[in-house]
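Since the model is a prediction, treat every value here as computed from it, not as a measurement. Residue numbering restarts at 1 for every chain, and letters A, B, ... go by the order of the sequence lines.
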Protein chains: 2
Amino acid sequence: MIEQNTDLRMIRTRKFIIDSFIQLLEKKDFNSITIKDITSGAMVNRATFYHHFVDKFDLLEKVIKKELTSNVLKELTNIEDFNDQMLKSVFISITKFHMSLSERCQRSFDDMSVNIESILKKELEGIFFQSLQKKYQDEDNEELRITATLLSWMIYSAAVDWRLHSEKSPEDYFEYAIVSFKKLVKN
Amino acid sequence: MIEQNTDLRMIRTRKFIIDSFIQLLEKKDFNSITIKDITSGAMVNRATFYHHFVDKFDLLEKVIKKELTSNVLKELTNIEDFNDQMLKSVFISITKFHMSLSERCQRSFDDMSVNIESILKKELEGIFFQSLQKKYQDEDNEELRITATLLSWMIYSAAVDWRLHSEKSPEDYFEYAIVSFKKLVKN
DNA sequence: CATAATCTGGTGCTTAAGCAACAAAACAGA
DNA sequence: TCTGTTTTGTTGCTTAAGCACCAGATTATG
């Protein structure tokens with residue numbers, strides 16, 4: 001594993017591996033994709049894969065993060081103020097992300113869902129933590145961390161529930177959910 | 001300049017350079033394409049270009065030969081017997097090749113025509129020489145070489161004339177030309 | 001016409017990637 | 001369950017490709 005770097009060769013092989021992987025996801029399921037499949041598609045030696053990624057899961061993680069930040073969370077890069085509106089836009093982003101991913105990688109989406117979940121929750125936690133830190137500069141970091149963790153799991157669970165059970169629009173669902181939650185779990 | 005080799009890196013960069021070049025030919029004219037243009041498109045360092053090709057003309061030559069042999073002259077690979085039918089099929093191949101090339105590389109075709117001409121005539125000469133050698137095993141090689149040269153220029157000139165001036169189909173043109181020629185230049 | 005900018009072809013050194021070979025793990029199938 | 005096959009990670013050595021820099025040729029531009 002070599003760290004990121006500006007050498008043209010590294011940029012190029014990274015790109016090819018990722019492109020090949022994404023292409024494979026569109027027609028095979030994640031579990032049945034081998035490293036050899038990926039590297040053949042990328043026109044790269046199998047050993048070279050391990051110069052860039054620990055394993056298939058590491059690759060998935062990096063791809064997901066990249067997709068997420070470049071396509072979906074770009075409106076959140078300048079971390080928003082922490083409030084209900086911010087939670088809503090994060091929720092919407094995740095649902096969008098799930099939709100586009102499940103559409104592009106039908107075969108693989110279920111395979112990968114547990115991995116995706118843990119990656120995304122970690123990402124969300126980081127986003128919430130920063131946002132909370134900005135708002136509550138004097139609070140103890142541990143409190144912030146705990147809150148960020150709980151929030152990330154809540155929002156993610158909402159996104160999963162929406163995908164599996166809801167007919168509402170993401171926006172409506174979120175409004176409905178937040179009202180319900182606040183009503184039933186009175187602070 | 002390194003010779004052909006089975007190393008994956010060499011195969012890959014060759015392919016990328018050639019692909020990039022062909023892509024550029026479709027939108028720019030040959031003369032205005034720089035090595036940097038080619039290597040940028042190929043995601044390859046400029047110096048690497050010179051590991052594979054002497055210059056732009058060398059690249060063109062290799063591309064033309066490759067295209068020619070892989071797409072057009074494939075029916076001639078098992079060298080045919082030397083006769084009028086063989087001349088005709090070579091002629092047709094060249095006209096086809098010119099057509100597809102000028103269609104794909106409108107901007108560049110005129111730019112490159114002198115280069116293409118010399119490459120193709122050399123190729124034709126080789127084809128005719130082999131074919132003659134097969135038919136006239138006892139003749140002096142110099143006689144065969146001279147004949148092959150003359151034939152290659154003749155056929156090529158016919159292809160050029162057809163492209164510039166004729167409304168006939170390549171087949172009709174060839175029949176017409178061969179009859180005319182034989183009539184006017186009685187052996 | 002001059003001169004700045006770009007392009008060419010080349011060099012020396014460094015580094016990513018290829019290759020082959022390996023043991024261990026995972027899988028498949030009788 | 002045993003047994004052969006495939007896949008996975010890893011390693012040592014070799015080589016293609018990257019990079020930076022060069023001088024000379026071409027091409028633009030005022």
Side-chain angles (χ1 to χ4, degrees), chain A residues 1-25 27-63 66 107-108 110-112 114-115, chain B residues 1-25 27-63 66 107-108 110-112 114-115:
Chain A
M1 267 283 286
I2 305 167
E3 66 197 62
Q4 186 97 308
N5 169 329
T6 60
D7 188 297
L8 180 54
R9 284 172 296 187
M10 303 214 69
I11 295 169
R12 195 182 52 208
T13 39
R14 266 186 100 83
K15 173 176 159 45
F16 290 151
I17 289 173
I18 289 175
D19 288 353
S20 166
F21 177 58
I22 290 174
Q23 218 181 312
L24 282 167
L25 282 180
K27 56 182 183 222
K28 295 185 76 172
D29 30 75
F30 180 74
N31 288 331
S32 70
I33 294 173
T34 69
I35 308 295
K36 186 73 199 136
D37 291 338
I38 297 168
T39 55
S40 303
M43 293 193 75
V44 162
N45 192 280
R46 196 170 60 81
T48 307
F49 177 91
Y50 298 100
H51 294 175
H52 293 267
F53 305 99
V54 175
D55 56 22
K56 212 168 45 162
F57 302 95
D58 183 41
L59 170 60
L60 176 66
E61 182 176 330
K62 282 164 180 161
V63 170
K66 193 173 162 249
R107 311 279 320 274
S108 296
D110 291 339
D111 267 10
M112 302 187 294
V114 288
N115 306 299
Chain B
M1 266 284 285
I2 305 167
E3 68 197 64
Q4 186 98 305
N5 182 325
T6 59
D7 188 297
L8 180 52
R9 287 170 294 186
M10 304 213 69
I11 295 168
R12 197 182 50 207
T13 43
R14 265 186 101 83
K15 173 176 159 46
F16 290 152
I17 289 172
I18 289 174
D19 288 352
S20 166
F21 177 58
I22 290 174
Q23 220 181 311
L24 282 167
L25 281 180
K27 55 183 182 219
K28 293 184 77 172
D29 29 75
F30 180 73
N31 289 329
S32 70
I33 295 172
T34 69
I35 309 296
K36 186 70 199 140
D37 291 337
I38 298 167
T39 55
S40 304
M43 292 193 76
V44 162
N45 192 278
R46 196 171 61 83
T48 306
F49 177 90
Y50 298 101
H51 293 177
H52 294 266
F53 306 98
V54 175
D55 55 22
K56 215 169 44 163
F57 303 95
D58 183 42
L59 170 59
L60 176 66
E61 182 176 330
K62 282 164 179 161
V63 170
K66 195 174 162 247
R107 312 277 319 275
S108 296
D110 290 339
D111 268 11
M112 302 187 295
V114 287
N115 306 299

B:Lys28 backbone acceptor or donor facing B:Ser108 side chain under 3.5 Å
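Present.
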Expressed in angstrom and rounded to an integer, what is the separation of [X] atom [atom1] from [N] atom [atom2]?
X: B:Ile38; N: C:dG9; atom1: CD1; atom2: C1'; value: 14 Å
X: B:Asp7; N: D:dA16; atom1: CG; atom2: P; value: 6 Å
X: A:Asn31; N: D:dT7; atom1: CG; atom2: C1'; value: 14 Å
X: A:Ile35; N: D:dT7; atom1: CD1; atom2: C1'; value: 9 Å

Pairing residues for A:Phe49 by the ring-ring contact (aromatic ring centres under 6.0 Å, His included) criterion, not counting sequence neighbours:
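Counting only residues at least two positions away or on another chain, A:Phe49 forms a ring-ring contact (aromatic ring centres under 6.0 Å, His included) with A:Phe53.
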Sort out for me which residue in B:Arg9, B:Arg14, B:Lys15 forms a side-chain contact (heavy atoms from CB on, under 4.5 Å) with B:Arg12.
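Output: one option passes, namely B:Arg9.
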For residues 39-63 of chain A, which residues have at least one heavy atom under 4.0 Å from DNA chain C?
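Hits under 4.0 Å, by residue number: A:Met43, A:Val44, A:Asn45, A:Ala47, A:Thr48, A:His51, A:His52.
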Using a strict heavy-atom distance below 4.0 Å, which residues from residues 9-17 of chain A are in contact with DNA chain C?
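A:Arg9, A:Met10, A:Thr13 - these, ordered by number, are the residues of the stretch whose heavy atoms sit under 4.0 Å from the strand.
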Which residues share a salt bridge (Lys or Arg N to Asp or Glu O under 4.0 Å) with A:Asp110, sequence neighbours left out
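Result, salt bridge (Lys or Arg N to Asp or Glu O under 4.0 Å) vs A:Asp110: none returned.
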Between the two ends of the helix from C:dC1-D:dG30 to C:dA30-D:dT1, what is the bend in degrees, rounded to 10 degrees, where each end axis spans five pairs?
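Helix axis angle between the two ends: 60°.
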Looking at residues at least two apart in the chain, or sitting in another chain, which of them share a side-chain contact (heavy atoms from CB on, under 4.5 Å) with B:Ile22?
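In terms of side-chain contact (heavy atoms from CB on, under 4.5 Å), with neighbours along the sequence ignored, B:Ile22 is linked to B:Ile18, B:Glu26, B:Val63, B:Glu67, B:Arg104.
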So A:Thr6, base contact, sugar-phosphate only, or nothing? Heavy-atom distance under 4.0 Å.
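Touches sugar-phosphate only.
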